[in-house]
Amino acid sequence: MIELNFTPDSEPQLLDRAEAVAGWTLGELADALGIAVPDNLLRHKGWSGQLLERYLGASAGSKPHPDFEQLGIELKTIPVDLQGKPLETTFVSVCPLTNLGGLRWEESPVCHKLRAILWIPILGERQIPVAQRTLGMPLLWRPSPQEWQALQQDWEEIMERVALGEVESITARHGEVLQLRPKAANSRVLTDGIGPDGSPIQTLPRGFYLKIPFTHALLQRHFHNN
DNA sequence: AGGTGATCATCC
DNA sequence: GGATGATCACCT
């Protein structure tokens with residue numbers, strides 16, 4: 001029996017709650033919460049994340065503050081294979097494409113979002129039915145000085161290009177640990193941006209994502225030392 | 001339209 | 001096979 005309508009009051013309490021379901025399948029957790037499990041994630045891409053939000057008492061919905069506001073912690077589920085390697089990149093935040101004057105790393109959405117992340121690994125390749133994918137041990141992560149530096153460097157290089165009107169020439173190959181990719185309902189969605197000559201253009205909305213080797217390394221570092 | 005939660009699916 | 005570019009659902 002698990003408590004419904006749980007809200008974490010402290011970091012250890014949140015971690016305990018997350019650890020309590022390590023080893024459970026998504027089907028078991030969904031059943032316990034009275035939530036239906038989709039056959040696949042094609043039309044339910046955010047389902048796993050929302051399941052864990054409900055279970056852990058994260059404040060749902062779009063908000064400018066962290067999932068666990070008073071704790072300053074963001075929640076991220078991350079699909080991994082049997083070796084613990086992430087199967088997908090991790091979305092961090094949308095990228096501002098206009099009014100970039102004076103925007104510094106320290107006040108950027110990326111920097112703020114990555115201060116503290118509660119990672120919930122979900123073991124499950126695409127061939128495994130959603131209900132049978134299993135929850136791994138959670139990891140409360142704060143970037144090391146080296147990680148901060150790598151993140152900041154990529155962010156500054158990418159944002160400089162955006163500010164110079166080069167957003168449409170940036171690909172996901174840029175950046176060592178952080179990449180810029182489309183983040184929209186589809187490729188026809190447009191938003192305001194800066195063109196090559198500094199004039200306004202309409203362009204695809206972009207988001208920052210953490211590359212797989214980066215998240216892989218932070219997971220490995222944790223589980224090798226614990 | 002733009003944000004949240006992400007994974008899909010094609011191309012290399 | 002794996003990463004890039006595209007996409008899906010829901011909310012405000």
Close N or O pairs between protein and nucleotides 10-12 of chain B (under 3.5 Å):
none

Task: Selection: residues 89-98 of chain A, any non-hydrogen atom under 4.0 Å of DNA chain B - done: Thr89(A), Phe91(A), Val94(A)
Task: Those residues that, when tested against Asn186(A), pass side-chain contact (heavy atoms from CB on, under 4.5 Å) (two or more places apart) - done: Arg188(A), Val189(A)
- [ ] Could you list all the ring pair (Phe, Tyr, Trp, His ring centres under 6.0 Å) pairs where at least one residue sits in residues 70-94 of chain A, not counting sequence neighbours?
- [x] Phe91(A)-Tyr209(A)
Open item on the list: If the condition is salt bridge (charged side-chain N to carboxylate O under 4.0 Å, His left out), which residues does Glu166(A) pass it with, not counting sequence neighbours?
Closed with: Arg161(A)
Open item on the list: Please enumerate all residues that pass salt bridge (charged side-chain N to carboxylate O under 4.0 Å, His left out) together with Glu106(A), with sequence neighbours excluded.
Closed with: Arg104(A)
Open item on the list: My understanding is that only residues two or more places apart in sequence, or in another chain, count here; which of them pass salt bridge (charged side-chain N to carboxylate O under 4.0 Å, His left out) with Glu88(A)?
Closed with: Arg126(A)
Task: By side-chain contact (heavy atoms from CB on, under 4.5 Å) - contacts of Gln132(A) (at least two apart) - done: Ile128(A), Pro129(A)
Task: Out of dA3(C), dT7(B), dA6(B), whichever nucleotide has its closest atom nearest the side chain of Thr77(A) - done: dA6(B)
Open item on the list: Which residues pass the salt bridge (charged side-chain N to carboxylate O under 4.0 Å, His left out) test with Glu156(A), not counting sequence neighbours?
Closed with: none
Open item on the list: So if I take the C1' atoms of five pairs at each end of the helix from dA1(B)-dT12(C) to dC12(B)-dG1(C) and get each local axis, what angle do the two axes make, rounded to 10 degrees?
Closed with: 30°
Task: Residues in contact with DNA chain B, drawn from residues 149-187 of chain A - heavy-atom cutoff 4.0 Å - done: Arg181(A), Lys183(A)
Open item on the list: Short of 4.0 Å, heavy atom to strand atom, which residues of residues 34-47 of chain A count as contacting DNA chain B?
Closed with: Leu41(A), Leu42(A), Lys45(A), Gly46(A)
